[in-house]
Amino acid sequence: MKLKLRPPYSLKNIFHNQFITVPSNILFSRITSKLFQTFIKISEEERARSVLTLYEEGNLTLTPYSPSAVTYSKLLSECSSTKSLTHGQIIHAHIIKNGFLNNINVSYKLINFYSKCQNFGCARNVFEEIAKPDELSWSALISGYVQNGFYFEAVSAFQKMHSSGVQCNEFALSSVLKACSGRKDLKLGKQIHGIIINACFQYNVFVLNTLHTMYAKCGELLDSRKVFDEMPEWNIVSWNALISSYVQNDCCSEAISLFQKMIVSGLLPNEFSLSSILNACTGSADYGQGKKIHGYLIKLGHYSDSFSANALLDMYAKLGELEAAKTVFDEIRQPDIVSWNAVISGCVLQEYHDSALRLFMKMTMVGTNPDMFTISSILKSCAEMGMKELSMQIHCDLIKRDIGSDFFVGVGLVDVYSKCDLIEDARKVFDRLPEHDVIAWNAMISGYTQSGYDDEALSVFVDMQKEGLGFNQTTLSAVLKSTASLQADVVTRQVHVLIVKTGFQSDDYVVNSLIDSYGKCKLLMEARRYFEEHPSRDVVPFTSMITAFAQHGEGEEALKLFLKMLDTGVALDGFVYNSLLNACTTLSAYEQGKQIHVHILKSGFVFDIFVGNALVNMYGKCGSIEDARCAFSELPERGVIAWSSMIGGLAQHGRGKEALDMFDKMLKEGVSPNHITLVSVLCACNHAGLVREAKRLFELMELLFGIRPMQEHYACMVDLLGRAGKLNEAVELVNKMPFEADASVWGALLGASRIHGDLELGKYAADKLIILEPDKSVTHTLLANMYAASGEWGGVLEIRRLIKDSKVKKEPGMSWIEVRDAVHTFMVGDRNHSRTEEIYAKLDELSDLLSKAGYVPRVDVDLHNVDRSMKEELLSNHSEKLAVAFGLIATPAGAPIRIKKNLRVCIDCHTAIKFISEIVSREIIVRDINRYHHFKNGSCSCGDYW
């Protein structure tokens, strides 16, 4: 029933003397809100009119009474919910004016109001003015401390409350438990647990929810679960707290299981439950469960809630379902910065960097300002895509906004500048960072390593140690990468000692880096020992070990390790296939290369560009240029590496004109050559004797392609001119070189001198070579051959005496042949093979057939000062002849025989194998240190020009 308006009343009286009562508590919040807004914003007369309007509409009744404590409490609650600090301060003034400050309920509401408005100084002042604070006032103060992050002060206030004899209520206990969670103070939390039991709150669901959350946030999931299990009842808050605690402790699968139990218990999830479980699906990569939660969101009407939508968006993005993530994003009416960050970081995580950049541009266009998380994500995309200009623009914008010194953004800038070859700018950003922690030092060390400044990377690591900072596996891996590039074996050993001392020797990431560094430093024994001491089913250490074997001439060991990989079930990737193919290349292991090709086809790596390039190279260098051509034609895209491999393969097989045609085709397809391509083209001209074409290319290579001739190009030209008999031109070219000639150039001149018997020039070139490479025996051998060919046996003896005095080890001639997946090795006069008797029997048989065919041994190439018959016997036991004999008895009739030799094939063996190819009607392919020789029907593909 409405009360009558008691006259007399005027507009002034209504404002100053009358107050409002409402017919229903349900309407109170709406009406007081309207009146309050009217009360503070409009003039006195307008206030009264508004009150009268509401009265006439029947929404309120006016009575001539003074404001009460209840009224002020309700107004303060309204201000707290809307965080209206100015409005609340006006009410505070009225409370003081009307003498309600000592009312305990009003004081409690004031403390709570100021706490929620983050003006805790005022809240504390109100508390201190209370003569005898009761449990409500204390709980409001403690809650305020916690809300504003003052956990230590909250605990201190609770202790004062407890010592003063004031009884704890559930709000004080809950708040102090939150303070324990914030401080990760498990000891104090357990003491509060004891107070809860003594105060008989062990059955209070509100307190117990906070208690098991405290245990979870302190990492004690078992205690948290025990508290939860002993609760008298579970409400949605209890389940949410438990599920969230499991998610925060990375127990995502358990969190999903708990969520399912909650559903079975009959409780419907709310938006907080759904958001937590979406985070659990993200952490456990449970895409199927995530889609079910998506269904719950739609069914329960939480899909439009931005909190839940952002969690859903984040899940799809992090699980790689970018299309689903973009669909969710597009359905958010007003995406906030969290929404933008989720979809952008998802694109970056899945390496869709162009999409991330487009979204970033769109975000700025619609007026959403990026925060530090956005900038950090975008800088990663800029780093991966080499977006130098955009990175610098972002940096400038950050400086303008006076946030350029943010730590995480600074680290991102160090990374992007390093990857964009702006290492000096990266160092400037690093030096301006407000602090240098391990992350910052790692960014700088990695930046130097990635940019090829390995000495600087090691220097920064030393500086980091001087600062007294620790390091992690990222630091060690970056440092080991630099020691590997520098082949700094001593430093690698020192880092290994540091790894053992700091307990990182069991970290897979560090172990892999150490194996790789030892391998690249040619410390194969150390690499292998460490590899065997740390068994792993990861492909990375196997790849590092196989690569080391392949790079340092241990191809057989690489292939054995590959078989071990297959036995252990390690999943192979493109990198290991690339290394295996390189191992087959060094061994000329054609059959095993074909088998690895089959594995590549089965594994689906045939379209991997690096694997495809390695296949072209392997087939070309294993003697099958047609297989190389086939692999080349199947490449999805052909870069300069593929073209160079194909041209180089044709060159080595003596198909000079085909190599030049391939080079022309490469240029027509718009692929620019590099210096290796041009070396291959010049080699093709060399092997085919195309002097004019080579000279033209050499003279125009800088003009046409912007590539200045290097040592390798000069060596090719000197060799080509020398083989063509143009020794004077070759010497003139050496004299005109813009830099000092290296061993490859003098070696080419020495070889040309040997071919044409110019002993004086040979001696001159040999002297230069001995200075540059005193430990290489091949120089002495070639010079001795020249003395022997000239009949100057005194010179031969002098060379032998020099070799003996200088302790130079002569590299023995060795030949390899692959039969039934096994590589068989032979040396001159070798009698260690299991089928030695059969091999020598076959040689005797061939000797008779060769004599009948007109073959005459070239005894002039033998350096031993013995009679002719002994020289003939020595020549017959050369390693390539033994390999040919074994190939004839161990391979099917008519099958090609493929042999590799570590030195240049000698003239006598070259002549003999030409005859043998015709006698046995077989193609015999020999790869020596210079090129391939295809012997067929009594002739060689080199045209006797090698």
Side-chain angles (χ1 to χ4, degrees), residues 682-683 686-687 689 691 711-813 828 858-866 871 874-875 878 901-910 928-931 944-946:
L682 290 173
C683 284
N686 186 6
H687 292 310
V691 179
Q711 294 279 7
E712 300 97 315
H713 304 104
Y714 277 98
C716 282
M717 286 304 299
V718 170
D719 191 43
L720 180 141
L721 292 170
R723 288 175 183 276
K726 301 179 182 294
L727 293 178
N728 290 336
E729 284 189 49
V731 173
E732 187 179 347
L733 183 62
V734 172
N735 293 332
K736 287 182 179 179
M737 286 176 63
F739 35 71
E740 288 294 323
D742 68 1
S744 64
V745 175
W746 291 115
L749 195 60
L750 177 59
S753 304
R754 181 194 59 80
I755 292 171
H756 297 285
D758 192 329
L759 185 57
E760 291 303 315
L761 182 58
K763 286 161 64 175
Y764 177 72
D767 289 341
K768 296 287 187 181
L769 269 173
I770 290 169
I771 293 171
L772 293 170
E773 297 178 340
D775 298 329
K776 288 287 184 73
S777 64
V778 65
T779 305
H780 301 84
T781 302
L782 284 173
L783 189 56
N785 284 337
M786 293 182 70
Y787 278 121
S790 302
E792 296 187 21
W793 295 104
V796 174
L797 291 174
E798 182 65 28
I799 293 293
R800 286 180 175 171
R801 190 179 301 111
L802 180 63
I803 291 173
K804 184 177 180 181
D805 293 343
S806 61
K807 297 182 180 179
V808 175
K809 291 186 177 179
K810 183 178 182 297
E811 184 178 4
V828 60
R858 293 288 302 270
V859 294
D860 55 308
V861 301
D862 188 84
L863 300 182
H864 299 89
N865 191 12
V866 293
K871 285 189 175 186
L874 291 170
L875 287 173
H878 276 194
K901 187 176 180 182
N902 64 329
L903 303 174
R904 180 180 179 273
V905 63
C906 79
I907 296 172
D908 179 72
C909 287
H910 191 272
D928 70 2
I929 197 170
N930 288 328
R931 62 172 297 157
D944 297 336
Y945 187 82
W946 82 103

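Keep in mind that the numbers below use all heavy atoms, side chains included, and drop hydrogens, waters and symmetry copies. Not measured: the values here are computed from a predicted model.
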Non-hydrogen atoms of Glu729 and Leu721 that approach each other most closely: OE1-CD2, 3.8 Å
Nearest-0.5 Å distance that lies between atom CD in Glu712 and atom CG in Leu682: 11.0 Å
From Lys901 atom NZ to Asp928 atom CG, the distance as rounded to the nearest 0.5 Å: 8.0 Å
Closest heavy-atom pair and its distance - Ala743, Leu772: N-CD1, 3.7 Å
Ala715 versus Ala748, closest heavy-atom pair with distance: O-CB, 3.6 Å
Heavy-atom donor-acceptor pair, Asp719 side chain to Gly722 backbone, under 3.5 Å: no
Salt bridge Lys763-Asp767, side-chain N to carboxylate O under 4.0 Å: no
Closest contact, heavy atoms only, Ala765 versus Trp746: CB-O, 3.8 Å
Could you tabulate the donor-acceptor pairs under 3.5 Å formed by side-chain atoms of residues 732-739, not counting sequence neighbours?
from: Glu732; atom 1: OE2; to: Lys736; atom 2: NZ; distance (Å): 3.1
from: Asn735; atom 1: ND2; to: Val731; atom 2: O; distance (Å): 3.3

Flag side-chain contact, heavy atom, 4.5 Å: His878 against Asp908: no
Nearest heavy-atom neighbours spanning Gly813 and Leu903: CA-CD1, 3.7 Å
Straight-line distance of Asp742 CG to Glu740 CD, nearest 0.5 Å: 10.5 Å
Minimum heavy-atom distance between Asn686 and Cys716, given as atom pair plus value: ND2-O, 4.1 Å
Check: Pro812 main-chain N/O paired with Asn902 side-chain donor or acceptor under 3.5 Å: yes
